[in-house]
Structure formats: structure tokens, C-alpha cells
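Below is one structure; the comments refer to it alone.
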Protein chains: 2
Amino acid sequence: MATIRDVAKLADVSVSTVSLALSNPGRVSQKTLERIREAVQTVGYVVDPLAQSLARGRSRMIGLVVGNVGNPFFGDIRRELENYAIEHDHFVLITDSSGKPDRERALVEHLSGLKVAGLALAPSGYDQAYVDFVQNIKMPTVCFDQKVAGIDRDFVGSDNRLAGAMLTEHLLQLGHRRIAFIAGPKHMHTASERLRGFMDTMGSAGVEVNPNFIVDGQFTRSAGYEAAMRLLVQPERPTAIIGANNAVALAALQAMQELGFNCPDDISLAMIDDVQWSSVITPRITMVIQDTLKLGGIIARRILHRIMSPEGAADPAQDFVLSPKFVPGNSCKKL
Amino acid sequence: MATIRDVAKLADVSVSTVSLALSNPGRVSQKTLERIREAVQTVGYVVDPLAQSLARGRSRMIGLVVGNVGNPFFGDIRRELENYAIEHDHFVLITDSSGKPDRERALVEHLSGLKVAGLALAPSGYDQAYVDFVQNIKMPTVCFDQKVAGIDRDFVGSDNRLAGAMLTEHLLQLGHRRIAFIAGPKHMHTASERLRGFMDTMGSAGVEVNPNFIVDGQFTRSAGYEAAMRLLVQPERPTAIIGANNAVALAALQAMQELGFNCPDDISLAMIDDVQWSSVITPRITMVIQDTLKLGGIIARRILHRIMSPEGAADPAQDFVLSPKFVPGNSCKKL
DNA sequence: CTTCATAATCGAACCGGTTCGATATCAAAC
DNA sequence: GTTTGATATCGAACCGGTTCGATTATGAAG
């Protein structure tokens with residue numbers, strides 16, 4: 001591997017001039033610049049990112065920390081971030097915390113050790129220790145998906161209350177009154193907002209909510225399955241179920257199938273968030289989806305804005321909240 | 001941030017002794033070792049991975065390069081690799097090539113610049129230039145999924161011929177003769193082997209294969225959909241379709257549904273590889289799946305073996321080929 | 001022909017570690 | 001009481017860049 005000293009020797013200038021020429025071509029005379037560029041070509045010099053990061057105290061990498069890289073929700077975000085980063089000569093490191101705050105913390109510390117230029121973080125915690133931890137991250141950081149109270153950082157996400165409200169409204173209009181809701185973890189902002197959207201809409205419509213119809217699915221497949229089972233074995237069953245995320249909704253569908261219920265003839269189903277292959281799942285589930293592409297674009301732009309410009313770095317934290325989109329399927333029956 | 005010099009000063013030893021003590025505690029006297037450890041604690045010293053990597057010429061990171069991090073096939077592999085890496089104090093960098101050889105190459109070069117200790121690579125190319133590229137990778141590398149002719153590297157994957165054969169055999173036993181096959185890119189080893197498994201089994205059974213029943217789905221959803229459409233609009237339709245991967249099979253299911261065919265009553269369907277939520281897709285598709293957990297374990301162990309031990313580094317390349325597993329669904333009807 | 005500001009280039013220190021040959025220490029062997 | 005050999009520690013060079021104050025070259029103004 002050719003080093004900067006090889007280039008300097010060949011171009012007959014000092015090492016510092018080469019460094020200067022490469023990072024700030026304007027401050028070097030035309031002649032020397034050309035000589036240096038030529039020398040770079042002939043020796044095949046490529047800057048060593050490790051050495052550069054050590055010297056500069058910052059790398060050209062952006063850390064992406066998510067709870068589950070397999071979730072299609074993160075797919076578009078990752079892609080947008082990568083494309084945008086590449087355009088600006090940066091490189092995205094993807095890491096997966098499996099939704100565990102401990103692991104997430106270890107990952108962030110690792111990334112911090114690598115002196116990443118910025119961080120796109122899908123928060124997985126909520127308590128005070130967690131808030132302090134995120135607050136103390138030294139690098140430019142953009143949080144997304146989960147809004148955490150007390151964290152004063154850029155945030156990019158969707159209007160989850162609205163998402164819950166849209167599905168509820170839809171079912172009410174179809175004549176449903178006995179609507180059940182499989183919720184997520186109470187401490188998660190997305191989960192509580194979606195539930196709030198449901199409750200508010202039911203309240204505004206003057207429909208009473210059976211407390212047994214609110215069950216906790218923890219946003220996971222297994223807990224969602226059990227929650228759905230609890231709903232379905234009640235003597236007085238709901239006529240419709242809203243899954244607060246894709247996992248609990250599909251778990252509910254599975255539970256229905258196993259118990260011999262037909263969806264939508266026996267029970268209607270609606271969910272928040274898309275899944276891969278949703279179009280081949282029978283019935284096609286009515287859902288509210290997030291504009292992941294746009295979310296990803298905003299995250300990418302915001303983080304690079306913070307990284308690249310000095311004034312961007314000083315920008316106060318800002319929230320970007322997008323409206324979700326209603327996508328009708330055929331899983332909801334008119335009563 | 002405390003540096004090694006702070007530790008040295010506090011423990012009243014030289015910097016080199018601290019370095020030695022930390023990386024090889026046995027070669028330092030008990031007394032000094034304790035003093036150093038104490039000093040490390042009090043100043044809160046943590047080694048700077050960047051500086052260490054620069055000095056050593058190698059980092060404690062492992063690069064994982066896949067074609068699509070969203071594919072559940074990679075999920076288990078990633079998880080196994082991460083867990084195993086963490087146990088051995090390494091860190092996994094996930095990168096996504098989107099299946100493009102160019103991008104993959106850029107990623108590998110990036111990782112190489114970061115001096116990763118090792119590489120787990122799902123190859124996405126096949127031509128001579130690509131082979132040369134992979135052959136010239138300087139770090140310990142384990143390839144997986146796609147076996148590429150000419151690449152002399154460790155390989156971990158499944159018996160794809162067998163996978164194709166198992167599904168074919170199953171359909172033959174159910175009485176099917178007009179079996180169609182939606183294939184993948186010819187140059188991909190997995191694709192050609194799966195097709196070979198189909199052809200061989202049909203041949204052995206003495207069943208002639210209608211050439212129109214072999215269509216190319218490129219392993220993608222869109223091409224798979226078109227290929228399936230071509231199959232389904234023929235006057236003489238197949239009674240069963242095998243999708244060479246999950247994407248083309250589900251695309252075929254979608255095509256069937258849109259044309260009003262019932263699966264399995266009108267046409268049977270079977271596929272290779274699982275998808276998330278396959279259990280809620282109606283009908284549950286009969287499939288052959290890979291033991292991704294075991295594949296991941298082998299990849300992880302193999303790569304760390306090469307990284308950690310000098311004799312491991314010198315090991316000749318080896319192939320690890322696992323048998324896939326048949327998972328019956330209800331998408332195949334007995335004729 | 002100086003003078004002086006500006007532009008171009010350089011040298012040295014630094015980022016935070018590792019490594020290796022050299023030196024110091026000490027106990028056992030002669 | 002030396003010699004010897006092993007063990008412990010050290011100093012300096014190095015990994016490959018960046019940065020900044022100092023120095024030299026350039027050229028316009030006086």
C-alpha cells in the first residue's frame with residue numbers, strides 16, 4: 001500500500017503539502033496540485049481511513065442502530081441513508097440491537113470508539129438511565145421511529161395517534177362497535193399513541209370500549225398470539241380487531257385461522273405497518289402504513305446536514321412527524 | 001478520554017509496559033500488573049480501537065456482506081455470527097450490497113480499509129473479474145450461500161440440488177406430471193443446482209418435461225410474477241409449480257390469485273426457502289428450507305477459527321454443505 | 001529598489017496505540 | 001565474587017495520516 005509519503009517523495013513536495021492538496025485543493029498552486037495528482041495516480045495512493053480517522057478524531061462513517069434489521073420498516077430507511085451517505089462520500093455501518101437497550105448501548109459505544117461522524121438511532125429504551133445515555137452521546141444523532149420523552153434530539157417518525165385513529169374510524173364507519181385492540185408495550189411511544197388514537201376515536205364516536213377488548217401484545221408475535229387467543233375465546237367476541245403493529249396483527253390472523261374463524265366474515269382485522277408479501281396474505285389486510293421512504297430521506301438529509309455543516313451541527317433538535325397512509329385491503333367487513 | 005500514557009504515568013511505568021501488560025498479562029510481574037490495573041480503573045482507560053487497529057494493522061471487527069439484509073435467510077446467520085463474535089470480543093459490521101457486484105466490491109474495499117479481521121461474504125457475482133476480485137481479498141474470508149466456481153475459499157451452504165429434488169419427488173408422488181419450474185438466474189449456483197435437482201428427478205422418474213414449463217424468474221418478485229403469468233396463461237397449464245426461491249414462488253401465488261386460480265385446488269405450489277410469516281399465508285406453502293441457524297453457526301466458527309489461530313489462518317479452503325429440510329404445507333394437492 | 005501583504009510550502013508535533021531491540025534486575029550456578 | 005541466563009522494563013521507532021505555526025516565494029504598492 002502506498003502511503004502519503006510515497007506520494008510526497010514522487011511529487012517532490014512535503015507530506016503536509018500532499019495532505020493539504022488532497023483535502024483542500026484550492027490552497028495549493030496549480031502546478032504542484034497537478035504533480036501531486038499525477039503522483040497519486042502512479043503510486044495508486046488511497047488514503048488510509050483508519051489513520052485519517054485517528055488524526056482527525058472523526059471518521060467518514062455513519063452508524064445506523066436499529067432493533068431488527070429484518071423488519072421491512074428499516075429497509076427503506078437503510079437504503080435511503082446509504083444512498084445519501086454514498087453521495088456524500090460516507091459509509092453506513094448497520095448494527096442490530098435486537099431491541100435490547102443493553103446491546104444498543106454497547107453498539108453505540110463501539111460506534112463511538114470508531115469515531116463515527118453521526119448516528120441514526122432507533123431507540124429501544126425509555127427509562128431515565130436510558131434517556132441520560134442518549135443525551136450523553138457525543139456525536140450528531142438523529143433518533144427515529146420511537147419518540148422518547150426527555151430526549152432532546154432530532155426525531156423523525158410518524159403520527160401514530162393518527163394511525164390508530166384512521167383504522168378505528170374506518171371500522172366504525174363499517175358499522176363495527178365491538179372493536180378490540182391488541183396493543184404494544186405501554187412505555188413505547190408508538191404503542192401508547194396508537195392506543196390513544198383508538199381510544200380517542202371511540203370516545204368521540206360515543207362508543208364504549210369493553211376493557212377486556214384492550215389486550216397487550218408486546219409488539220411481538222408470541223405475545224400477540226396469546227393476546228389474540230384471549231380475545232377470541234371470550235364468550236362475547238369482538239367483531240373487529242386492530243393490531244397495533246404488524247407482528248401482533250398477523251399473530252391474530254394466525255390465531256383466527258387456527259380457531260376456525262374466517263377473516264373477514266367472522267372477524268375483521270386491521271393493522272398498523274406493512275409486512276413483506278402482504279399482498280399474498282389472504283385476506284389482504286387493511287392497514288395504515290408509514291412512508292418509510294420519506295422517513296429515510298429525512299433522516300439521511302438531517303444527519304448529513306448535521307455532519308457536514310458547522311451551523312448544522314449547532315441546529316437545535318427538531319421533530320419531523322409524517323402522516324401515515326391508509327391502505328384498504330379486504331380484511332374488514334361491513335356490518 | 002484517558003490514554004495509555006495517563007495510565008503509564010499514574011502506575012509509574014513506561015507506556016510500553018502498560019501496552020504489554022494489557023495484551024499479555026503473563027509477561028509482566030504481579031506487582032506492576034496490579035498497579036497498572038488499578039491505574040486503568042481510576043483513570044477509566046479504554047483502548048482506542050482506531051489507534052490499536054492502525055498500529056496492529058488489523059481491527060477486531062468482522063465484516064458481513066449480504067445481498068439483502070431484509071431477507072430472513074440472512075437473519076439467523078447474522079445473529080449467530082454476532083453472538084459468536086461478541087463472545088470472542090469481536091464486532092460485526094453489517095453491509096448490504098443490494099445484490100450488486102459493484103456495490104459489493106466497494107463494500108469489501110471499504111471493509112478492507114477498515115482492516116477488518118475477517119469477512120463473511122455472500123457472493124453476488126460470477127464472472128472471471130469477480131472471481132479474481134474475491135480471490136484477491138487479503139483478509140480471512142468465508143463465502144456462503146452462493147458457491148462460485150473458481151473461488152477457492154471456505155464455503156458454507158446447502159445442498160441445492162437436493163432441495164430441488166425433494167420438492168419434485170414430493171409432487172411426483174402426489175401424482176403430478178405437468179410440473180412447472182420457475183428458475184433463478186442461470187449463472188447462480190443455487191439456481192442452477194435447484195433446477196438440476198428438478199430435471200434429474202423428473203428424468204429418473206421417466207417424466208418428460210415440457211420446455212415451456214421451465215421459466216426464468218430471476219429470483220425476483222417482479223420477474224417471478226411475469227414468469228408465473230406466462231405459465232398460467234398457456235392453454236395447457238401445469239398442475240403444479242415449483243418456485244426456485246421464496247420470491248418467485250410467492251409472486252406465482254399472487255399471479256394465481258389474481259387470475260382466479262385456487263391453490264392447491266387448481267394448481268399446486270411448492271417453494272425453496274422460507275419467508276417471514278409463511279404460517280399466515282394461505283395456503284401454507286409446502287417448502288424446503290435451509291437450516292440457517294446451523295449455517296450461521298458454521299460460518300461464525302469457521303471465520304473466527306481463521307482469525308484467532310495461526311494454524312486456522314493457514315487452513316486450506318473447505319466446503320460445508322448442509323442438507324435442507326422438507327416442510328409440508330397444504331399447497332400441494334394429490335391428483 | 002525596497003516594503004509588505006499574501007500565497008505556497010514546509011517541519012515538527014500530534015492522534016493513541018504496538019513492537020522490538022536494548023538495558024536493568026535478580027537469583028542461581030560456577 | 002563473577003558469570004550466566006532468565007525475567008522485567010524501557011525507549012524509540014513506527015502505523016499513516018492531520019494540523020498549525022514558521023518560513024519562503026511571489027508580486028503589487030510605494
Side-chain angles (χ1 to χ4, degrees), chain A residues 1-37 39-40 43-61 89 109-110 112-117 138-139 310, chain B residues 1-37 39-40 43-61 89 109-110 112-117 138-139 310:
Chain A
M1 275 294 88
T3 75
I4 198 172
R5 316 197 191 243
D6 299 328
V7 176
K9 207 171 295 171
L10 187 58
D12 196 34
V13 291
S14 77
V15 168
S16 47
T17 302
V18 177
S19 176
L20 188 64
L22 262 33
S23 60
N24 205 332
R27 259 183 283 181
V28 168
S29 77
Q30 269 305 319
K31 287 181 305 185
T32 42
L33 183 56
E34 268 168 38
R35 280 219 315 288
I36 288 172
R37 290 215 164 125
V40 166
V43 303
Y45 170 74
V46 183
V47 56
D48 181 327
L50 244 39
Q52 191 173 53
S53 303
L54 177 62
R56 285 211 231 227
R58 154 198 279 226
S59 73
R60 300 181 82 60
M61 302 186 287
D89 199 24
E109 270 156 17
H110 255 287
S112 163
L114 292 175
K115 308 269 191 304
V116 296
K138 297 292 182 296
M139 335 157 237
Chain B
M1 275 295 89
T3 75
I4 199 172
R5 322 210 183 230
D6 300 327
V7 176
K9 208 171 294 171
L10 187 59
D12 197 33
V13 291
S14 76
V15 168
S16 48
T17 303
V18 177
S19 177
L20 188 63
L22 262 33
S23 61
N24 205 332
R27 259 183 282 180
V28 169
S29 76
Q30 268 305 316
K31 287 181 305 183
T32 42
L33 182 56
E34 269 168 38
R35 281 219 314 289
I36 289 172
R37 290 212 163 129
V40 166
V43 303
Y45 171 73
V46 183
V47 57
D48 180 328
L50 244 40
Q52 191 174 53
S53 303
L54 177 61
R56 287 214 236 237
R58 152 197 282 226
S59 74
R60 300 182 83 60
M61 303 186 287
D89 199 23
E109 269 156 19
H110 255 287
S112 163
L114 292 175
K115 308 270 190 302
V116 297
K138 296 292 182 296
M139 336 158 236

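Order of the sequence lines sets the chain letters (A, B, ...), proteins ahead of strands, with each chain counted from 1. Reckoned from all heavy atoms, side chains included, excluding hydrogens, waters and symmetry mates.
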Can you see which heavy atom on [X] is nearest to which on [Y], and at what distance?
X        : Y        : value
B/Leu20  : B/Arg27  : CD2-O, 4.1 Å
A/Arg58  : A/Ala117 : NH1-CB, 4.2 Å
A/Gly113 : B/Pro49  : O-CG, 3.6 Å
B/Ala2   : B/Val43  : CB-O, 3.4 Å

So does B/Lys115 get a backbone contact from the side chain of B/Ser59, meaning a donor-acceptor N/O pair under 3.5 Å?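 Such a contact is found between B/Ser59 side chain and B/Lys115 backbone.
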Has the side chain of A/Thr32 got a donor or acceptor atom that lies under 3.5 Å from a matching backbone atom of A/Val28?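 The answer is no, because no donor-acceptor pair under 3.5 Å joins these two groups.
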Nucleotides bounding contact with chain A, strand DNA chain C, heavy-atom threshold 4.0 Å: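 The contact span of chain A on DNA chain C goes from C/dA8 to C/dG16.
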Starting at the 5' end of DNA chain D, which residue's closest nucleotide do you reach first, A/Thr3 or B/Arg5? B/Arg5
Any chance the side chains of A/Ser16 and A/Ser19 put a donor and an acceptor closer than 3.5 Å? no
Taking only nitrogen or oxygen atoms into account, show me every contact under 3.5 Å that the protein makes with nucleotides 8-10 of chain D, one pair per line with its distance.
unit_1: D/dT9; atom_1: OP1; unit_2: B/Ser29; atom_2: OG; d: 3.2
unit_1: D/dT9; atom_1: OP1; unit_2: B/Thr32; atom_2: OG1; d: 3.1
unit_1: D/dT9; atom_1: OP2; unit_2: B/Ser29; atom_2: N; d: 3.1
unit_1: D/dT9; atom_1: OP2; unit_2: B/Thr32; atom_2: OG1; d: 2.9
unit_1: D/dC10; atom_1: OP2; unit_2: B/Ser14; atom_2: N; d: 2.7
unit_1: D/dC10; atom_1: OP2; unit_2: B/Ser14; atom_2: OG; d: 3.3
unit_1: D/dC10; atom_1: OP2; unit_2: B/Thr17; atom_2: OG1; d: 2.7

For a quick check of understanding: with a heavy-atom distance under 4.0 Å over all strands, which category does A/Val46 fall into, base, sugar-phosphate or nothing? sugar-phosphate
Could you list the donor-acceptor pairs under 3.5 angstrom formed between side-chain atoms of residues 4-12 of chain B and any protein atom two or more places apart in sequence or on another chain?
unit_1: B/Asp6; atom_1: OD2; unit_2: B/Thr3; atom_2: N; d: 2.9

